[in-house]
Trainee: 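Handing you a structure now.
Counting convention: from 1, in listed order, for ligands and their atoms alike.
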Amino acid sequence: MQLISHAPTGPIEQSWDKHKFDLKLINPANKRKYNIIVVGSGLAGGAAAASLGELGYNVQCFCYQDSPRRAHSIAAQGGINAAKNYHNDGDSIYRLFYDTVKGGDFRAREANVYRLAQVSVNIIDQCVAQGVPFAREYGGLLDNRSFGGAQVSRTFYARGQTGQQLLLGAYQALERQIALGSVTMHPRMDMLDLIVLDGQARGIVTRSLYDGKIEVHIADAVILATGGYGNVFYLSTNAKGCNATAIWRAYKRGALFANPCFTQIHPTCIPVAGEYQSKLTLMSESLRNDGRIWVPKQAGDKRAPGSIPESERDYYLERRYPSFGNLVPRDIASRAAKAECDAGRGVGETGLGVYLDLADSIQRLGKRTIAERYGNLIEMYERITGENPYEVPMRIYPASHYVMGGLWVDYNLMSTIPGLFVLGEANFSDHGANRLGASALMQGLADGYFIIPYTIGNYLATAKPAKIADDAPAAKQAVENASAITKKLLNGNGKRTVDSFHRELGKIVWDNCGMARNEAGLKKALSQIPALREEFWKNLRVLGANEEFNQSLEKAGRVADFFELAELMCLDALDRKESCGGHFREEYQTPEGEALRDDANYSYVAAWEFQGEGRAPALTKEPLTFTYVHPSQRSYK
Ligand SMILES: Cc1cc2nc3c(=O)[nH]c(=O)nc-3n(C[C@H](O)[C@H](O)[C@H](O)COP(=O)(O)OP(=O)(O)OC[C@H]3O[C@@H](n4cnc5c(N)ncnc54)[C@H](O)[C@@H]3O)c2cc1C
């Protein structure tokens, strides 16, 4: 397979405008003749469905929650980036572009990243117009704070609830279209397969989570905005329902999967407390604006933090990276925390923790200001740990949080299956090997509000999809496939729960394909995962029936897909014999322990193609070229 990115050539500042002009249009009166399916109602899907409805298309939008308002995007805390330069501190579209390419360790497509930085400014205007209550300064202007990997303040925020406020904005826009009849919402529907006819994506198969009914939905194009697969690790900061099923089943229908091993481990999460924990909680990166990270200088020092004098503390990020200090990018901060804990300087009962200390800022700015900035996060921390961060430092440790990998898309956000578009965290597009904080919300909204409305019209106008019936052979076959998987999951009469398998799988992936990877570990995981998967299918017990609300059954289908995806992640990680961003192969590091890239051999997007059950996937490479931001050893010193 040849991957054509359709990234425009010529001056990068003009390429999106020129590309938009070259795209074919559909006249307003004709738009209503087209049916578009949007799977997902988070920031990417919600924004896309609302925008396409507003344009006049017939949109069918699906989500597995009871309301689009409950998509995982609502959990986003810290903020959203945009190159507005409101602080007059030297920001620009070019600087956001530069920071993002560098932050991603030179493994992203330049043209996409430039466009993202360009449309970031429109996103803020759009959201303000919707009434999103961004934080404001005393003078009434929108306030900004800093996130990792940047030396400017470009992050717009609404306390620690930015995702919630942005999603309410998108949700209101979506509800407006639902009321006008241009969007039909299908909550509590699980997409279980993609319908591909004559090489084009023509619909989906869903299962109603209320009564198990399997249905066919036909359309002229399908958009997947189904979020990330960070829950493959079992313990993660993602909502429990986040899953890979929609993109995984599309992969099995021919969409290539890009960079599956590029996952993000977030440095500031509440540490794991015990074996039976099922969820981890993020403490937003924004806290690193005012919180200082430290560990005791002495390994094994078990004194309470307040008893450790200043001279016996190591503010290791400030020491190792004086230019960026506590605001180094996530991959670097996570690895540094792991290194401190591995060396015995970790804090808390398990030794897997470092301090995030607000004391200096409270003294400088006052408790009230800190509460205004992070009040809800501090309250959340106190409720979970029983410790009060206004009085004692928070304990934090890295945890699985986000995935840069996802379905491969071209510049138009179209996958390798014509008519199948992929938006938001579900695609691989803009963050390379490491996403900068506050850039996921920016990308999801850029994709949904400002890119897909242009590019999908071009596809429809060019491909002119023919009318097809609900019982076309491809649709029937997809229904049979979806029903067979459900039946197989219910028919097992084993002894183990879905969660017990998921927990064991997650541990294998975390230990061998998590914050650090090496050849021996990845090979071990590649033998352990298939063995555990075999046991899963022999020894799984799903209680209840298909025709009822059955969350064990839902979960079982998702875990079955995680098993297959985990194997692809390890294969990809094994194949990429270099370190870059979040992909840290222990064999490839600088003498200071930083990621050591191999640009001569690995400056490409790894896109994997399904070859059939039991057969190894095929690798296709999309070479990456850098005309503007020249690859160099990333330095935040
Ligand atoms: C705790 C936390 C805090 C974060 N904070 C920030 C932040 O401050 N700034 C930032 O930029 N990023 C942040 N992120 C990342 C960001 O929130 C996500 O990357 C982003 O919200 C993903 O949006 P999305 O629209 O792609 O997917 P989601 O919001 O995950 O939406 C997925 C949608 O797809 C639907 N869906 C999924 N599978 C199926 C299926 N099989 N069938 C039907 N429907 C399906 C779901 O119902 C849902 O509607 C944070 C992430 C976490 C975990």
Side-chain angles (χ1 to χ4, degrees), residues 37-49 61-82 123 145 147 155-167 170-171 174 185-194 204-209 223-231 236-239 241-250 264 266 268-269 279-286 330 377 380 399-404 406 422-427 431 435-445 447-448 482 554 557-558 561:
I37 283 176
V38 179
V39 188
S41 63
L43 284 175
C61 184
F62 297 79
C63 71
Y64 64 75
Q65 289 93 347
D66 58 350
S67 157
R69 200 160 53 96
R70 290 195 206 284
H72 160 70
S73 290
I74 206 149
Q77 299 177 348
I80 175 167
N81 287 331
I123 295 171
R145 56 190 175 197
F147 263 59
T155 306
F156 294 77
Y157 66 100
R159 281 220 303 180
Q161 308 170 335
T162 316
Q164 178 171 348
Q165 299 307 330
L166 292 172
L167 190 63
Y171 169 72
L174 181 64
M185 191 68 219
H186 302 266
R188 284 266 187 249
M189 290 283 231
D190 221 0
M191 169 184 159
L192 294 186
D193 211 345
L194 179 75
I204 61 170
V205 170
T206 57
R207 177 178 174 274
S208 160
L209 298 180
I223 295 173
L224 300 185
T226 47
Y229 53 86
N231 276 345
S236 97
T237 63
N238 287 195
C242 290
N243 70 94
T245 290
I247 56 170
W248 190 251
R249 309 238 171 138
Q264 175 162 86
H266 196 298
T268 58
C269 306
K279 175 87 186 70
L280 291 176
T281 305
L282 176 76
M283 285 290 107
S284 167
E285 177 166 311
S286 58
R330 292 176 178 176
L377 300 174
M380 199 172 10
S400 152
H401 176 69
Y402 179 87
V403 293
M404 285 74 69
V422 192
L423 317 184
E425 195 174 337
N427 73 26
H431 309 292
R435 172 177 71 83
L436 291 184
S439 287
L441 302 184
M442 170 173 71
Q443 182 227 325
L445 290 180
D447 290 0
E554 272 173 49
R558 291 171 187 160
D561 292 333

Trainee: Just to be sure I read this right, does ligand 1 sit under 4.0 Å from the backbone of Asn243, its side chain, both, or neither, counting only heavy atoms?
Mentor: side chain
Trainee: Does Tyr64 have Arg558 sitting over its ring (NZ/CZ under 6.0 Å from centre, angle to axis within 45°)?
Mentor: yes
Trainee: Of the listed options (Glu554, Met191, Gln65), which comes nearest to atom 42 (N) of ligand 1 when hydrogens are ignored and any heavy atom counts?
Mentor: Met191
Trainee: Nearest protein heavy-atom contact for atom 8 (O) of ligand 1: which residue, which atom, what distance?
Mentor: Gly78 N, 2.7 Å
Trainee: Checking a contact table here: which protein heavy atom is nearest atom 4 (C) of ligand 1, and how many Å away?
Mentor: Ala76 CA, 3.3 Å
Trainee: Between Asn231 (side chain) and Cys242 (backbone), is there a donor-acceptor pair under 3.5 Å?
Mentor: yes
Trainee: To which protein heavy atom is atom 10 (C) of ligand 1 closest, and what is the distance rounded to 0.1 Å?
Mentor: Leu441 CG, 3.2 Å
Trainee: Among all protein non-hydrogen atoms, which one is nearest to atom 26 (O) of ligand 1, and what is the separation to 0.1 Å?
Mentor: Glu425 N, 3.0 Å
Trainee: Nearest to atom 43 (C) of ligand 1, what protein heavy atom do you find, and at what distance?
Mentor: Met189 O, 3.1 Å
Trainee: Cys242: heavy atom below 4.0 Å from ligand 1, yes or no?
Mentor: no
Trainee: Any idea how Phe62 and His186 line up, ring-wise: parallel (<30°), tilted (30 to 60°), or perpendicular (>60°)?
Mentor: parallel
Trainee: Below 4.0 Å from ligand 1: does a non-hydrogen atom of Gly79 turn up there or not?
Mentor: yes
Trainee: Judged by non-hydrogen atoms, does Gly228 sit under 4.0 Å from ligand 1?
Mentor: no
Trainee: Heavy atoms only: which of Leu280, Thr281, Thr237, Asp190 lies closest to atom 41 (N) of ligand 1?
Mentor: Asp190
Trainee: Which protein heavy atom lies closest to atom 27 (O) of ligand 1, and at what distance to 0.1 Å?
Mentor: Gly227 CA, 3.4 Å
Trainee: Give the atoms of ligand 1, by number and element, whose distance to some non-hydrogen atom of Ala75 is under 4.0 Å.
Mentor: 1 (C), 2 (C), 3 (C)
Trainee: Compute the minimum heavy-atom distance from Ser439 to ligand 1 and say whether it is under 4.0 Å.
Mentor: yes
Trainee: Counting heavy atoms only, which of Tyr64, Tyr402, Tyr157, Trp248 is nearest atom 36 (N) of ligand 1?
Mentor: Tyr64
Trainee: Using a strict 4.0 Å cut-off to heavy atoms of Gly40, name the atoms of ligand 1 that fall inside it.
Mentor: 33 (C), 34 (O), 35 (C), 49 (O)
Trainee: Does ligand 1 have an atom that lies less than 4.0 angstrom from a heavy atom of Arg435?
Mentor: yes
Trainee: Would you mind finding which of Ala225, Cys61, Ala440 brings a heavy atom closest to atom 33 (C) of ligand 1?
Mentor: Ala225
Trainee: When you measure from atom 51 (C) of ligand 1 to every protein heavy atom, which one gives the shortest distance, and what is it?
Mentor: His401 CE1, 3.3 Å
